[in-house]
Amino acid sequence: MTKKLLGWALAFMLLVTVAFRIWVYPSLEIAAGYNAKVLCSCIFVSGLSQEEAEATDLNYSLLGLSNNTVDHETKTVRSSVWGFHKKVALYREGFGCTMVKAADLRILENQGNRTGKTFYTPDIWPDEQRKGSPEMTAALQRAFDLPGENKKNTRAILVVKNGAIIGEAYGDGIDQNTPLLGWSMAKSVTATLAGILAKDGFWNLDTPMPIDGWQDDERAKIELNDMLHANSGLEWNEEYGSVTNTTLMLYHAYGFGAYAASFEAEYDPGEEFKYSSGTTNIIAAAMRQAFDGDMDYWNFPYRKLFGPIGAKTFTMEIDPSGHFAGSSYTYASARDWAKLGLLYLNNGNWNGRQIIDPTWVEFVRVPAEASEGAYGGHFWLNQGGHFPAYDSTSYWMGGYHGQQVSIHPDRNMVIVRLGVTYDREDFDFSEIIGGIIDVADAEKP
């Protein structure tokens with residue numbers, strides 16, 4: 001080889017090495033972290049098999065490159081890509097799964113488990129019979145894949161009208177007790193908890209966020225209202241398919257809220273609508289200040305929200321620092337997700353007990369500035385007409401891969417859909433849910 005060719009070869013190898021280091025190597029960390037965390041929760045929270053989780057939940061993008069090892073005795077999942085970025089996720093009763101770098105597993109072991117009993121009110125749907133007329137059953141089946149297809153990946157769909165289940169269907173291996181991931185529906189849960197703390201007097205909507213490091217700069221004027229409306233003005237990139245603020249927060253950062261709070265203000269509060277998982281985790285971490293100790297904080301959602309509505313299958317997972325992963329990691333069965341929707345449908349009241357104030361229910365339906373009627377207080381709104389089949393008063397919790405709890409006040413109805421749809425165009429909510437609404441309207445109350 002001539003010196004010139006050798007020089008070109010070395011330059012090419014250097015270019016490939018730099019490209020790998022800058023673009024590929026960081027992406028592998030996201031893939032490894034995602035595999036460890038999601039696979040752990042699929043197995044130990046949802047009760048799915050490793051084969052089902054890897055075939056459905058982890059079967060896209062770079063995720064298939066990971067090597068995963070499951071230890072059922074220690075309830076851990078270890079993942080890496082080509083030996084790089086070794087991640088481990090640990091399941092703990094009451095906490096679900098939390099992911100760290102493999103070398104940091106002791107951090108989670110030292111936290112222990114969540115202790116303390118939760119009193120759950122009696123179930124409002126205690127029987128196991130699946131309800132629904134033939135017409136409703138047919139409408140629900142349109143939410144599932146046809147034989148030979150693998151696009152919608154619907155796992156659960158449920159319809160509540162006038163407080164009763166009028167339709168319910170599940171995919172293979174899923175039933176009414178299976179806790180399923182809500183992804184960003186967790187943001188609506190976090191907003192609900194923020195509302196309970198407001199009712200208890202910890203803060204209110206115009207309270208400046210109590211964040212260390214914000215008090216001496218322009219971020220001192222950011223209020224809870226701004227955070228919930230995604231109008232905080234903080235820098236953020238919500239993309240999921242590459243190395244971004246969101247993916248680094250979820251699969252690299254130690255404290256999700258602290259990481260998000262480290263970003264500078266890009267706009268004045270209320271000036272720019274920017275959907276952000278970071279702002280939700282700042283709220284979730286700030287809630288810790290309302291409690292004397294970690295255990296009170298960890299038990300708070302169960303004692304003040306899930307217990308009073310009888311939602312036994314809810315699990316809110318925590319980040320390595322011990323704060324709730326309020327943006328993304330909450331699991332519950334379709335029926336228990338429906339109970340949360342029903343709580344809002346009933347203006348925050350559950351069988352005579354006011355869990356959240358009616359004014360908070362009203363607040364989450366107030367459109368955020370610059371959202372064009374699409375987003376309220378951590379709930380999505382149909383005021384802008386996003387779904388033609390929904391009423392303008394309809395609003396919903398929404399999450400990645402097509403999770404939705406839609407609340408339809410004009411029809412006294414809640415509809416839940418849970419699944420793993422990779423391409424949002426493969427599940428047409430307006431058509432499929434619209435068909436369910438039409439059948440429900442035609443049936444007798």
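Given the structure is predicted, the values throughout are model-derived calculations rather than measurements.
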(message) Exactly one of Glu266, Glu238, Glu235 should register a side-chain hydrogen bond (donor to acceptor under 3.5 Å, both in side chains) with Lys274. Which one does?
(response) Glu266
(request) State, with a plain yes or no, whether a side-chain heavy atom of Trp360 is found less than 4.5 Å away from one of Leu205. (result) yes
(request) Check for a donor-acceptor pair, side chain of Thr246 on one end and backbone N or O of Asn237 on the other, with a separation under 3.5 Å. (result) yes
(message) In the structure I gave you, are the side-chain heavy atoms of Glu369 and Glu271 within less than 4.5 Å of one another anywhere?
(response) no
(message) Evaluate Ser184 against Tyr275 for side chain to side chain donor-acceptor pair (under 3.5 Å), listing each step before the verdict.
(response) CA-CA 11 Å; Ser184 285; Tyr275 182 81; 3.1 Å; yes
(request) Would you check if the distance from the ring center of Trp396 to the ring center of Tyr390 is below 6.0 Å? (result) yes
(message) Whether Asp200 and Lys304 form a salt bridge (side-chain N of Lys/Arg under 4.0 Å from carboxylate O of Asp/Glu) is what I want to check.
(response) yes
(request) Look at Lys87 together with Glu29 and state whether they make a salt bridge at an N to O cut-off of under 4.0 Å. (result) yes
(message) Donor-acceptor pair, distance only, cut-off 3.5 Å: does the side chain of Thr421 make one with the backbone of Gly402?
(response) no
(message) Restricting to non-hydrogen atoms, name the atom on Ile407 and the atom on Pro409 that form the minimum distance, rounded to 0.1 Å.
(response) O-CD, 3.3 Å
(request) Determine yes or no for a side-chain-to-main-chain donor-acceptor pair under 3.5 angstrom, with Gln404 supplying the side chain and Arg417 the backbone. (result) no
(request) With the side chain counted from C-beta on, respond yes when Leu345 and Val160 share a heavy-atom pair under 4.5 Å apart, and no when they do not. (result) no
(request) Would you indicate whether Gln141, at its atom CD, is surrounded by more than 12 heavy atoms from other residues, nucleotides or ligands within a distance under 6.0 Å? (result) yes
(request) For Arg219 and Gly213, indicate whether the former's side chain and the latter's backbone hold a donor-acceptor pair under 3.5 Å. (result) yes
(message) Treating Thr190 as the side-chain partner and Ala186 as the backbone partner, does any N or O pair qualify as donor plus acceptor under 3.5 Å?
(response) yes
(request) May I ask you to decide if the ring planes of Tyr344 and Tyr395 are parallel, tilted or perpendicular, using 30° and 60° as cut-offs? (result) perpendicular
(request) Could you check Ile174, Asp336, Val416, Thr313 and say which one makes a side chain to side chain contact (heavy atoms under 4.5 Å, CB included) with Leu180? (result) Ile174
(request) Determine the interplanar angle of the Phe291 and Phe300 rings, folded into 0 to 90°, and report it as parallel if under 30°, tilted if 30 to 60°, perpendicular if over 60°. (result) tilted
(request) For atom CG of Asp212, decide whether the heavy atoms of other residues, nucleotides or ligands shown that lie under 6.0 angstrom number more than 12. (result) no
(request) Give, for atom CD1 of Ile433 and atom CZ of Phe387, the distance between the pair rounded to the nearest 0.5 Å. (result) 8.5 Å
(message) Would the distance check show the side chain of Gln403 and the main-chain N or O of Met185 forming a donor-acceptor pair, the cut-off being under 3.5 Å?
(response) no
(request) Would you confirm whether Asn281, through its side chain, and Gly326, through its main-chain N or O, come within 3.5 Å as a donor-acceptor pair? (result) yes
(request) Please name the pair of heavy atoms, one in Pro208 and one in Ala220, separated by the smallest distance, quoted to 0.1 Å. (result) CB-O, 3.6 Å
(request) Would you indicate whether the side-chain heavy atoms of Ile415 and Ile437 approach each other to under 4.5 Å? (result) yes
(request) Measure the spacing between OG1 of Thr247 and CD1 of Ile30 and express it to the nearest 0.5 Å. (result) 4.0 Å
(message) On a heavy-atom basis, which atom in Ala31 and which in Ser66 lie closest, and how many Å separate them?
(response) O-OG, 3.5 Å
(request) Find the distance between CZ (Arg365) and OG1 (Thr393) and round it off to the nearest 0.5 Å. (result) 6.0 Å
(message) Is it true that Glu54 and Asn68 share a donor-acceptor pair across their side chains at a distance under 3.5 Å?
(response) yes
(request) Test side chain to side chain contact (heavy atoms under 4.5 Å, CB included) on Met99 and Tyr34 and set out the steps. (result) CA-CA 9 Å; Met99 182 223 75; Tyr34 189 106; over 6 Å; no
(request) Could you tell me whether Asp292 atom CG has more than 12 heavy atoms of other residues or ligands within 6.0 Å of it? (result) no
(message) Testing Trp337, Tyr120, Tyr331 one by one against Phe314 for a ring-ring contact (aromatic ring centres under 6.0 Å, His included), which residue passes?
(response) Trp337
(request) State whether the side chain of Asp145 and the backbone N or O of Lys151 hold a donor-acceptor pair below 3.5 Å, judged by distance alone. (result) yes
(request) Please determine if Arg335 and Glu168 form a salt bridge, counting it only when a charged side-chain N lies under 4.0 Å from a carboxylate O. (result) yes
(request) Any chance you could measure Ile283, atom CD1, to Trp203, atom CH2, to the nearest 0.5 Å? (result) 6.0 Å
(request) Answer yes or no: are there more than 12 heavy-atom neighbours, outside Asp172 itself, under 6.0 Å from its atom CG? (result) no
(message) Could you measure the distance from the CG atom of Asn299 to the CZ atom of Arg114? Nearest 0.5 Å is fine.
(response) 5.0 Å
(message) I'd like to check Trp350 versus Lys339 (side-chain heavy atoms, cut-off strictly below 4.5 Å). Are they in contact?
(response) yes
(message) Taking Thr207's backbone N and O only, do any of them form a donor-acceptor pair with Asn204's side chain (distance below 3.5 Å, no angle check)?
(response) yes
(request) Give a yes or no on whether a salt bridge exists between Asp57 and Arg155, defined as a side-chain N under 4.0 angstrom from a carboxylate O. (result) yes
(request) Start with the C-alpha gap between His378 and Ser188, add the side-chain angles, then the distance that decides, and say whether side chain to side chain donor-acceptor pair (under 3.5 Å) holds. (result) CA-CA 5 Å; His378 271 35; Ser188 302; over 6 Å; no
(request) Find out whether His386 and Phe429 are in side-chain contact, i.e. whether some heavy atom of one side chain is under 4.5 Å from a heavy atom of the other. (result) no
(request) Check the pair Ile211 / Ile222 against side chain to side chain contact (heavy atoms under 4.5 Å, CB included), numbers first and verdict last. (result) CA-CA 10 Å; Ile211 308 298; Ile222 299 175; over 6 Å; no
(message) Quick one, Leu250 and Tyr240 - any side-chain contact, counting heavy atoms below 4.5 Å?
(response) no
(message) Quick check: His85 with Tyr251 (ring centres under 6.0 Å apart)?
(response) no
(message) Are there over 12 heavy-atom neighbours, none belonging to Gln215, within less than 6.0 Å of that residue's CD?
(response) yes
(message) Aromatic contact between His229 and Phe273, with the criterion being ring centroids under 6.0 Å apart: yes or no?
(response) no
(request) Take Tyr422 and Asn153 through the test side chain to side chain contact (heavy atoms under 4.5 Å, CB included) and record every step on the way to the result. (result) CA-CA 9 Å; Tyr422 307 137; Asn153 283 329; 4.1 Å; yes
(request) Walk me through it: do Ile356 and Lys199 pass the test side chain to side chain contact (heavy atoms under 4.5 Å, CB included)? (result) CA-CA 7 Å; Ile356 48 178; Lys199 182 173 178 288; 5.5 Å; no
(request) Kindly indicate whether the side chain of Gln176, heavy atoms from C-beta on, has any atom under 4.5 Å from the side chain of Ser333. (result) no
(request) Output yes when Lys221 and Asp268 qualify as a salt bridge under the 4.0 Å nitrogen-oxygen rule, no when they do not. (result) yes
(request) Quick one: sort the Trp183 and Tyr329 rings into parallel, tilted or perpendicular, breaks at 30° and 60°. (result) tilted
(request) May I ask you to check whether over 12 heavy atoms, not counting those of Gln289, lie within 6.0 Å of atom CD? (result) yes
(message) Counting only heavy atoms from other residues, nucleotides and ligands, does the tally under 6.0 Å from CZ of Arg424 exceed 12?
(response) no
(request) Hey, could you give me the OH/OG1 distance between Tyr302 and Thr118, rounded to the nearest 0.5 Å? (result) 8.0 Å
(message) Between Asp226 and Pro269 (side chain of the first, backbone of the second, donor and acceptor by atom type, cut-off under 3.5 Å), is there such a pair?
(response) no
